[in-house]
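See structure below.
By convention in this document, chain letters (A, B, ...) are assigned in the order of the sequence lines, proteins followed by strands, and residues within each chain are numbered from 1. These numbers were taken from a predicted model, which means no experiment stands behind them.
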Amino acid sequence: SQQGEEDPQALSIQEGENATMNCSYKTSINNLQWYRQNSGRGLVHLILIRSNEREKHSGRLRVTLDTSKKSSSLLITASRAADTASYFCATDAHTGNQFYFGTGTSLTVIP
Amino acid sequence: DGGITQSPKYLFRKEGQNVTLSCEQNLNHDAMYWYRQDPGQGLRLIYYSQIVNDFQKGDIAEGYSVSREKKESFPLTVTSAQKNPTAFYLCASSPGAGNSPLHFGNGTRLTVT
């Protein structure tokens, strides 16, 4: 399976601090995506980074990708209580037809 | 508003009964997916469909069946052969291109007793 692994499994920080979560995967990819899931809801797409990109920004989000290490990181800067959610990375099989999700990082931001 | 609708939000069934979960999208997306999510685990792919009248098994297709007779609809049937059907089921769609993000519905929580 190409399923990724997020690290840490759970993270608790104070509002205003930065949150970093990591994702490792097993085989070559076309792109890697990060999603957010509030409890009991569907996933919401945050950002996509292609395999030929090393870093991407979107608002308070910064994603890096190291294809040589098969890893990615998601940084949320100046966290807010509303950022409390689970965060998942997803990779595509090289055919691009399937998406494989990691086990997720549960982020709690304490007001 | 465009989006994906899953219904119902909560579903209760007795063991041994088949049950069908609905997924409808009005995004004009070609590809649709069904995932299963268990506590403490990530999403696991059950089935996916790239175009109408075609679908492929994912990693955990045993005990499930799907159909794709219309572009907008991708219902999932959980059969009595599925040994542990209680889970949170998520439907998603994408335009079909490999670089496209997935759009998710809000899920159906199925409880089988």
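Within 6.0 Å of the CD atom in B/Glu15, the count of heavy atoms belonging to other residues, nucleotides or ligands does not exceed 12. For NZ of B/Lys9, the number of neighbouring non-hydrogen atoms (other residues, nucleotides, ligands) closer than 6.0 Å is greater than 12. A/Gln9 CD: 12 or fewer foreign heavy atoms inside a 6.0 Å radius. The environment of CD in A/Glu55 is crowded: more than 12 heavy-atom neighbours from other residues, nucleotides or ligands sit within 6.0 Å. Within 6.0 Å of CZ in A/Arg80 there are 12 or fewer heavy atoms belonging to other residues, nucleotides or ligands. By the neighbour-count criterion of 12 heavy atoms within 6.0 Å, atom CD of B/Gln17 is densely surrounded, having more than that number from other residues, nucleotides or ligands.
Of the atoms belonging to B/Leu102, heavy atoms from both backbone and side chain fall under 4.5 Å from chain A. Using a 4.5 Å cut-off between heavy atoms, B/Gln37 touches chain A through its side chain atoms alone. Neither the backbone nor the side chain of A/Glu6 comes within less than 4.5 Å of any heavy atom in chain B.
Listed in order of number, the residues of residues 39-47 of chain A that approach chain B to under 4.5 Å between heavy atoms are A/Gly40, A/Arg41, A/Gly42, A/Leu43, A/His45.
Considering CZ of A/Phe99 and OH of B/Tyr48, their distance stands at 10.5 Å, rounded to 0.5 Å.
For B/Tyr89, the ring pair (Phe, Tyr, Trp, His ring centres under 6.0 Å) partners two or more places apart in sequence, or in a different chain, are B/Tyr64.
Contact detail for B/Asp59 and A/Tyr100: the closest heavy-atom pair is OD2-CE2, 3.3 Å.
Linking Ile, Leu, Val, Met, Phe, Trp and Tyr residues whenever their side-chain heavy atoms come within less than 4.5 Å leaves B/Phe88 and B/Ile46 in two separate clusters.
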